[in-house]
Structure formats: structure tokens, C-alpha cells
Number of protein chains: 2
Amino acid sequence: MLTIGEFSRLTHLSVRTLRRYHEAALLEPAVVDGTTGYRYYGVDQIPTAQVIHRLRELDVPLSDVQRILRTPDPGVRSALVTDHLQRLEDVLDRTRAAVVSLRRLLQPDPAPIDVELRAEPARTVAAVEAVVGHHDISAWYAGAMAELEAAVGAAVTGPPGGSYDNALFEQERGHAVVYLPTAAPPRTGRVHPATLPAAELAVTTHVGEHDGIEVTYGELGTWVVENAMSVAGPVREVYIVGPRDTSDPAAWRTEIGWPVFRVT
Amino acid sequence: MLTIGEFSRLTHLSVRTLRRYHEAALLEPAVVDGTTGYRYYGVDQIPTAQVIHRLRELDVPLSDVQRILRTPDPGVRSALVTDHLQRLEDVLDRTRAAVVSLRRLLQPDPAPIDVELRAEPARTVAAVEAVVGHHDISAWYAGAMAELEAAVGAAVTGPPGGSYDNALFEQERGHAVVYLPTAAPPRTGRVHPATLPAAELAVTTHVGEHDGIEVTYGELGTWVVENAMSVAGPVREVYIVGPRDTSDPAAWRTEIGWPVFRVT
DNA sequence: GTGGACTCTCCCCCGGGGGGAGCGTTCAGA
DNA sequence: TCTGAACGCTCCCCCCGGGGGAGAGTCCAC
């Protein structure tokens, strides 16, 4: 039996943190003295403590750590861990994107953007839609687009696009639509016909990988306001040239269209 | 002038967060109506908002964001940013280390470790010591060891080593010593003679890169307890084979010695 | 038996947000 | 010109995963 201090020295977890883990039923001392409240740990709890320590270093929430520890089947358990490692990869991607954006933002010479005002008629397309979290977008997009391409096949009549609720960016969660234009939209699985409403769009083209796209959004937003307009409705993107066309990100072209209306 | 809602849509920052940034004097609205308290933002504040957004995505604390924004000189500013990116790299390293440890911990078949009980006599070495943070250790170690090697030169009589306070791991901050053994320890810069006290050490050898070393610590700790002993004093490491000897991490050998005493 | 090290609980603090109540303001359409 | 919806305001409490410190009780070796 080890006192909490000894256990702390052996696991490199602070005494405070150990108490917290006890309270959270994450790592219960082998024995708790009923009268003094003293916690005593067993040597066999060291590996568990270490697993917790590592998982916490990977920013796995305590609740998930608990779920992982309570999973007896090692296969299932390592699947849970792998899952978190995947999430870590996603975080890494976002970090990379933020770095690219930041570099572009801190660039002293921002080239002015070309914005075109365009009246877009309503049109019906093959779409997949969902309420999705900001951070899950790219994974969701990949799945949805794959399904769309399978359903539409060669009947595609233009580049793919998407429509994204502003709430998606403001509250991390919102409605998203991705679509492929086609003459007769099928209805299979998540794919179904959908109508993009007519709108007056302020359109600009983002060149290059998606990582810096938020900066272009900002520039477009500035343009909109400076031209005495206001935004109305979800932003639209059209992937004129994308990863399906070329693997060279520098050649990618993304049209960003923000529905606007004239103020005054 | 933009209302907070409009500004929110344009910058993809939530209204709540914008108010928070105002409160923190991070991003003050261009105009605040004195009677209604309504916040109004200027179009020219969009780039600033975006910079903040990206920095926050990189987990830069608001206080540091503020410092960066208030730095007028673009050179100094980008230096601050680069600094944070460096810190990000360090986080990444720790993440990688945690992943390695985790894989080793979840391995079903942990080979038993060899532990030797050794009475180490006191000895005087050339040392550099400091109170450092857990996360700054590797950088500090690199600098200290470079200084040591420059001071001692060819008079080295054995592999380098270190002694690390337990507080370093428990409270993220503690006393650390790195040393090179030599007959006549010099006194230059941070380098000075120091005496490693005699101790009874439980010694084991960690093979491979340092990333998984915490696991070996745990195994050593288990051994210590199972052999009716208790730890006393800072842990010692001796870098028998390290990056100065070979660039192949798999060949590295690190002796870990934990001062122990027998418990009845 | 005593002193110092250790441990206990309890409360408040941090950062960076989110949810919601309750109320005031704006503005476009009737 | 009125009115109601949408929007804005402040205020309070919540989340996570810890840290600091007070004040009191406990353990153990000398």
C-alpha cells in the first residue's frame, strides 16, 4: 500500500490531481481509510495512472479516459484510443490551416480582391445535407461528396458546391449542404434533390488550398460592407477547380458567394 | 458601422466571444453608444478580428494575443508569432512522446525489467543546475550540456548524466542538474563543481528514444515498492549511449537510478 | 511523547468560453 | 405612427481540469 504522496512520486501525477481523479471515479485508491479518509494505492495501479497521464497529455477529456479504462476488451479499447488519435490529426490539420491563415493575414501587402455581383437563379441539384459541427466538416464533406459522385456518376453538369449556414462558424454547429449539379437529381441514401434558392451573390474566387480561405472571407466581407450591402443567408462555395481535378493545391479555385442585399 | 451581429457574421466569431474580447480590451468596438451600450464595429476591424481568431486557434492566450496586437513594429510582431509557433512545435513533440508512451503502455506483453541495486559513492562532477519547468527541460538540457562540453572538453571521464527533482514531474517545476564527470571540474559561466551525494540506487536501463521513458519509470517504481523499498530524493539519469554517440535512437541507453531505502 | 512531514476537506482562483433570463432598442411593414 | 420580431444589453451560473492556500487531523521516527 502506497500513500498518496508515494504514489504521486511514482506516477508523476500531483497529489491534487490524484485526489481529483478519485473524486471523478477515474482512479480510485485501492483502500480508503474509513476514519481518517487517507487514500492508499496499490502498486498495480501505477500502469493505470500512467495511461491516464498519457491520455490527458493528448487532451482526452476525463470522461473519455474513464470510458477507455472501463473497456475491458483490448481490441475495442485500442479502437477508442485510435479514434482519439484520429481526432488529434484533425486538430493538427486545423492548426496547420491557422498557421497558413495567420501568415497571410500578417503579410504587409494584401492584394485587393475581385468581387463580382451576380444574380444567381434558383436551381435544383443533387444534394446531401446535415447539421454538422465546424470541426467535422471536412470529414463529413468527403463522405457526402463520395456518395454524391456515386449516385450522380457521369451525369454531372458542373463543378460541385456547398452552402454553409453562418451559425456553423459562429456557434460551431450549423446546417450544411453539399451538391453536384445534374439534370435529374436522384434520390438514393442521403442523396436527394434540393433547390438552391435564387440570390444576389457577391462572388470572389479564392486561389490555392483551403487553409487560408478565412482571409478571403474577411476580404469579401469588407467589400460587401464598403459597397453598402449586407449579408443575408448562408454562404455558398463552388469548387471550380479542386482536389478532384488536380493534386496541385496552388491551382485550386474556389468561388465564394455571399448572398447580399443593398442597404438604403 | 456594423452591429455586433453583422460583425459576427463577417468574422465568424460569436457575438458572445466578441463581447468577451471587448471586455478584455482585446478588440474594442469602434463606437459604443453611450446610452444604449450598443457596440458598433468598423470594417477595418475585420482583419484584426481574424488575426485574433487564428491566434486563438493556435491556443495563444488572450493576454499574449493582446501583446502581439499592441506591437506596432511588424518585425517584432512576427518574432512574437514565430515564438508561439515554436512553442507549438514543443507541444507537438510532447504529443508525439505521449503517443509513443501510450502505445507501449497498452501493449499486452510488458517484458519484465532488470533492476540492479547499487550503492553509488559520492562524487564531484562539472555541473549546471537550475530550477526549470517540466516542459522547458529539453531546451534547457541542450543548452546546459553544450556549455558543459565546451568547458570540460576532452577531460571527460564518463557519460553525461542528470538529477531531477521529483517536484519537476509533480508540480511541473523543480530543480534539475546536468553534469559531465571530470577529474577537475572547472568553474565557468553556469558550469561549476558539484557533488552528487552517495546513495543507494535502484538502477534500470531504458532502451531507445526518450519518448517512452515514463513507462520505464513506472516499472522501476513498481519494482521498488514490490521489493519493500521507498524512494528518497531526486531521480538520476545517466546517458550511457545518447544522441552524442549515435543518431540511431534505438541504440540509446539511459540508466535510470532512483535513490531508495529499505522499508523494514 | 513530540515535532515535523504528511494528509484531509473546503473554498476560491484561472482561462475561454456557453446557456439562458429578463429587459431595452431598432427598424420595417402595416 | 404603431407594433412586433429581431436584435442588443447585462447578469448570473455552468463547463473543464486543474492550482493556491487555510485550517485541522494523522502518521511515524526519534
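Chain letters run A, B, ... following the sequence lines, proteins first, then strands; residues in each count from 1.
Note: OH (A:Tyr41) to C1' (C:dC8) measures 12 Å, nearest angstrom. Taking atom CG of A:Asp33 as the reference point, atom P of C:dC6 lies 19 Å away to the nearest angstrom. Taking atom CG on A:Leu55 and atom P on D:dC16, their separation rounds to 18 Å, with Å as the unit. One interatomic measurement links the two molecules: CG of A:Leu26 to P of D:dC16, which rounds to 12 Å at whole-angstrom precision. We find that CG of B:Leu18 is positioned 14 Å from C1' of C:dG16, with the value rounded to whole Å. The distance from atom CG of A:Asp64 to atom P of D:dG17 is 9 Å, rounded to the nearest whole Å. Atom C1' of nucleotide C:dT7 and atom CE of A:Met1 are separated by 17 Å, given to the nearest angstrom. In this structure, B:Asp59 places its CG atom 9 Å from P of C:dG16, rounding to the nearest Å.
Within the structure, salt bridge (Lys or Arg N to Asp or Glu O under 4.0 Å) contacts touching residues 93-106 of chain A (residues at least two apart or in different chains) are A:Asp93-A:Arg96, A:Arg104-A:Glu219.
With sequence neighbours excluded, no residue satisfies salt bridge (Lys or Arg N to Asp or Glu O under 4.0 Å) with B:Glu237. Residues satisfying the ring pair (Phe, Tyr, Trp, His ring centres under 6.0 Å) criterion with B:Tyr141, sequence neighbours excluded, are B:Tyr239.
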Inset, instruction - At under 4.0 Å between heavy atoms, which parts of nucleotides 7-15 of chain D does protein reach? Answer with one letter per nucleotide, 5' to 3': B base, S sugar-phosphate only, - none. - result: BSBB-----
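At D:dG18, none of the side-chain N or O atoms of A:Ser14 fall inside 4.0 Å of OP1 or OP2 (strictly under the cut-off).
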Side-chain atoms of residues 31-41 of chain A: list all donor-acceptor pairs with protein atoms under 3.5 Å, sequence neighbours left out, distances to 0.1 Å.
{"residue": "A:Asp33", "atom": "OD1", "partner": "A:Thr35", "partner atom": "N", "Å": "2.8"}
{"residue": "A:Asp33", "atom": "OD1", "partner": "A:Thr35", "partner atom": "OG1", "Å": "2.9"}
{"residue": "A:Asp33", "atom": "OD1", "partner": "A:Thr36", "partner atom": "N", "Å": "3.1"}
{"residue": "A:Thr36", "atom": "OG1", "partner": "A:Tyr38", "partner atom": "N", "Å": "3.1"}
{"residue": "A:Arg39", "atom": "NE", "partner": "A:His22", "partner atom": "ND1", "Å": "2.9"}

Solution key, residues 58-68 of chain B side-chain donor-acceptor pairs under 3.5 Å, sequence neighbours excluded:
{"residue": "B:Asp64", "atom": "OD2", "partner": "B:His84", "partner atom": "NE2", "Å": "3.1"}
{"residue": "B:Gln66", "atom": "NE2", "partner": "B:Ala24", "partner atom": "O", "Å": "3.3"}
{"residue": "B:Gln66", "atom": "NE2", "partner": "B:Ala25", "partner atom": "O", "Å": "3.1"}

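Here the side chain of A:Thr95 pairs no donor or acceptor atom with the backbone of B:Glu57 at under 3.5 angstrom.
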